[in-house]
Peer 1: 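Below is a structure I'd like to ask you about.
Heavy atoms only: backbone and side chains are in, while hydrogens, waters and symmetry mates are out. Here is the naming used below: chain letters follow the sequence lines, and residue numbers restart at 1 for every chain. These figures come from a predicted structure and were not determined experimentally.
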Amino acid sequence: MNSNLVYELVKKIPRGQAATYGRIAKALKLPGGARAAGRAMAACPSGLGIPWHRVVGAGGRLLLREPNASLQRKLLESEGLRLAEKRILEFSSHEWTPGKARHRAPAQSRQKTG
DNA sequence: CATCTGACGACCG
DNA sequence: GCGGTCGCCAGAT
């Protein structure tokens with residue numbers, strides 16, 4: 001069950017950051033690449049505390065469609081991320097990579113009281 | 001089995 | 001920066 005690995009991985013995504021489908025697929029060596037990760041996310045179960053909203057397309061693009069599209073935006077903004085109309089601003093500064101996730105963020109993540 | 005579709009990514013104009 | 005297209009694989013009809 002590869003999809004299960006995807007859920008475990010996205011759960012490791014820290015708050016205020018986001019990962020891409022391709023990155024996840026590549027990290028888990030999913031066959032089919034980003035598509036496989038997307039397929040797994042589409043079946044993303046609820047109640048397991050999976051921050052699915054922290055998963056976006058390459059370059060921080062928001063690919064989801066309503067109602068999730070709107071929901072993801074709301075959740076991401078709630079985490080302090082700055083969003084454009086259809087993408088994450090300064091994404092490369094918030095782009096999280098599996099394995100590189102270590103004790104601190106590469107850039108200033110938190111901004112004061114939220 | 002054939003066909004269409006999809007929470008993707010990279011390339012081209 | 002935006003839209004169109006091809007490549008990739010799996011699921012649903």
Peer 1: For A:Lys29 and C:dC9, what is the distance between atoms NZ and P respectively, to the nearest whole Å?
Peer 2: 17 Å
Peer 1: Name the one of A:Val10, A:Leu9, A:Val6 that satisfies side chain to side chain contact (heavy atoms under 4.5 Å, CB included) with A:Ile50?
Peer 2: A:Val10
Peer 1: Can you tell me the distance, in whole Å, between the CG atom of A:Leu89 and the P atom of C:dG1?
Peer 2: 11 Å
Peer 1: Would you mind reading off the distance between A:Glu85 atom CD and C:dG1 atom P, rounded to a whole angstrom?
Peer 2: 13 Å
Peer 1: What's A:Gly33 touching, base or sugar-phosphate or nothing? Going by heavy atoms closer than 4.0 Å.
Peer 2: nothing
Peer 1: Under a 4.0 Å threshold between the charged nitrogen and the carboxylate oxygen, would A:Glu77 count as salt-bridged to A:Arg82?
Peer 2: no
Peer 1: Whole angstroms only, please: what is the CZ-P distance between A:Arg23 and B:dC8?
Peer 2: 16 Å
Peer 1: Rounded off to whole Å, could you give me the NZ-to-C1' distance for the A:Lys86 and B:dC8 pair?
Peer 2: 15 Å
Peer 1: Give me the other members of the hydrophobic cluster that A:Leu62 sits in, counting Ile, Leu, Val, Met, Phe, Trp and Tyr linked by side-chain heavy atoms under 4.5 Å, directly or via other members.
Peer 2: A:Val56, A:Leu76, A:Leu81, A:Leu83, A:Ile88, A:Phe91
Peer 1: Please state how far atom CG in A:Leu28 lies from atom P in C:dC9, giving the value in whole angstrom units.
Peer 2: 17 Å
Peer 1: Test side chain to side chain contact (heavy atoms under 4.5 Å, CB included) on A:His94 and A:Leu89 and set out the steps.
Peer 2: CA-CA 9 Å; A:His94 301 288; A:Leu89 297 177; over 6 Å; no
Peer 1: Under a 4.0 Å heavy-atom cut-off, which of residues 59-74 of chain A touch DNA chain B?
Peer 2: A:Leu63, A:Leu64
Peer 1: Give me the atom names and distance for the closest heavy-atom approach of A:Cys44 to A:Trp52.
Peer 2: SG-CB, 3.9 Å
Peer 1: For A:Ile13, is there any backbone N or O sitting under 3.5 Å from a side-chain donor or acceptor partner on A:Arg54?
Peer 2: yes
Peer 1: Output the rounded distance in Å from OH (A:Tyr21) to C1' (B:dA10).
Peer 2: 17 Å
Peer 1: Donor-acceptor check, side chain of A:Glu79 to backbone of A:Arg15, threshold 3.5 angstrom: yes or no?
Peer 2: no
Peer 1: Which pair of heavy atoms, one from A:Ala25 and one from A:Gly33, lies closest together, and at what distance?
Peer 2: CB-O, 3.0 Å
Peer 1: Is A:Arg23 reaching over with its side chain to a backbone N or O of A:Trp96, donor-acceptor style, under 3.5 angstrom?
Peer 2: no
Peer 1: Could you please name the option among B:dA10, C:dG3, B:dC8 that lies closest to any side-chain atom of A:Ala58?
Peer 2: B:dA10
Peer 1: List, with names and distances, any nitrogen or oxygen atoms from the protein found under 3.5 Å away from nitrogen or oxygen atoms belonging to nucleotides 10-13 of chain C.
Peer 2:
| unit_1 | atom_1 | unit_2 | atom_2 | d |
| --- | --- | --- | --- | --- |
| C:dG11 | O4' | A:Arg39 | NH2 | 3.0 |

Peer 1: Can you check the A:Asn2 CG to B:dC8 P distance for me, whole Å?
Peer 2: 18 Å
